[in-house]
Amino acid sequence: MSKTGIQSHHCLTAGCTEKWNASVIPKLKPTIQLSTTSLKLQARESQIVEVSGLANGDKVKSWQSSNTSIAKVGKKGKVTAKNKKGKATITVTLASGLKKNISVTVTK
């Protein structure tokens, strides 16, 4: 759950507006686990980064490469090295706002 909420029980009898047992449901702390925090790839090599350990209701919002001429990343976490050596950072952003980085080094 990405927002704080309130849980309550209501009377379902016609004309009844009574509610009881109201309790606050706290916002869940966003969490993420990645299958790796760094990748070393050869030119044109690909590897999928797996995501797990997400808080209930959270999801991956985006994947982004800091340098698409070195490495690009797809919507499902497939990192593909281009035909140029160098370094790039892949950023995974969750719907809750949590971000994690993966460093990518491409060699020829």
Side-chain angles (χ1 to χ4, degrees):
M1 185 178 201
S2 60
K3 294 182 180 179
T4 301
I6 297 178
Q7 177 182 16
S8 62
H9 300 276
H10 299 272
C11 177
L12 297 176
T13 308
C16 179
T17 59
E18 190 178 321
K19 68 178 179 180
W20 62 95
N21 294 334
S23 60
V24 174
I25 301 171
K27 177 180 176 180
L28 293 177
K29 181 179 179 180
T31 59
I32 186 173
Q33 293 177 346
L34 301 174
S35 58
T36 186
T37 57
S38 65
L39 293 173
K40 290 186 181 186
L41 300 173
Q42 298 288 328
R44 296 189 204 104
E45 186 180 12
S46 295
Q47 186 170 338
I48 294 176
V49 177
E50 296 186 20
V51 175
S52 62
L54 298 177
N56 191 21
D58 210 354
K59 63 182 179 179
V60 174
K61 182 178 176 183
S62 67
W63 295 83
Q64 188 172 12
S65 174
S66 66
N67 191 341
T68 55
S69 66
I70 301 296
K72 68 176 188 172
V73 62
K75 292 179 181 180
K76 302 223 180 204
K78 183 177 180 181
V79 179
T80 304
K82 296 296 213 163
N83 195 20
K84 185 176 179 183
K85 75 180 208 175
K87 294 185 179 192
T89 301
I90 304 297
T91 303
V92 183
T93 304
L94 301 182
S96 62
L98 181 64
K99 294 181 180 186
K100 287 287 183 170
N101 293 326
I102 303 157
S103 61
V104 179
T105 303
V106 177
T107 59
K108 281 200 166 199

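We count residues from 1, following the sequence as given. A quick note: this is a predicted structure, and the numbers were derived from the prediction, not measured.
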message = Any non-hydrogen side-chain atom of Ser69 less than 4.5 Å from a side-chain atom of Lys82?
response = no

ask   = How long is the span from the CD1 atom in Ile48 to the NZ atom in Lys78, to the nearest 0.5 Å?
value = 6.5 Å

task = Examine distances only and state if a side-chain atom of Ser65 and a backbone atom of Ala71 form a donor-acceptor pair shorter than 3.5 Å.
result = yes

Minimum-distance pair of heavy atoms, taken over all atoms of Leu41 and Ala81 = CB-CB, 3.9 Å

inquiry  = If I compare all heavy atoms of Glu45 with all of Gln42, which pair ends up nearest, and what's the gap?
reply    = OE1-N, 2.7 Å

request  = Enter the distance from Lys29:NZ to Leu98:CG here, rounded to the nearest 0.5 Å.
outcome  = 9.5 Å

inquiry  = Just verifying a value: how many Å separate Lys100 NZ and Thr31 OG1, rounded to the nearest 0.5 Å?
reply    = 9.5 Å

task = Drop me the distance from Lys40's NZ to Thr105's OG1, to the nearest 0.5 angstrom.
result = 6.5 Å

task = For Asn83 and Arg44, work out which heavy atoms get closest and say how close.
result = ND2-NH2, 2.9 Å

key: Distance (rounded to the nearest 0.5 Å) between Lys99 NZ and Leu94 CG   = 10.5 Å

query = Does some side-chain heavy atom of Ile102 sit less than 4.5 Å from a side-chain heavy atom of Val92?
reply = yes

key: Leu34 side chain reached by Val51 side chain, heavy atoms, under 4.5 Å   = yes

remark   = Output for pair (Ser103 OG, Ile90 CD1), nearest 0.5 Å, gives 10.0 Å

task = Kindly give the heavy-atom pair with the smallest separation between Pro30 and Ser96, and that separation in Å.
result = CB-OG, 3.1 Å

remark   = For Trp63 and Val49 the tightest heavy-atom approach is CH2-O, 3.8 Å

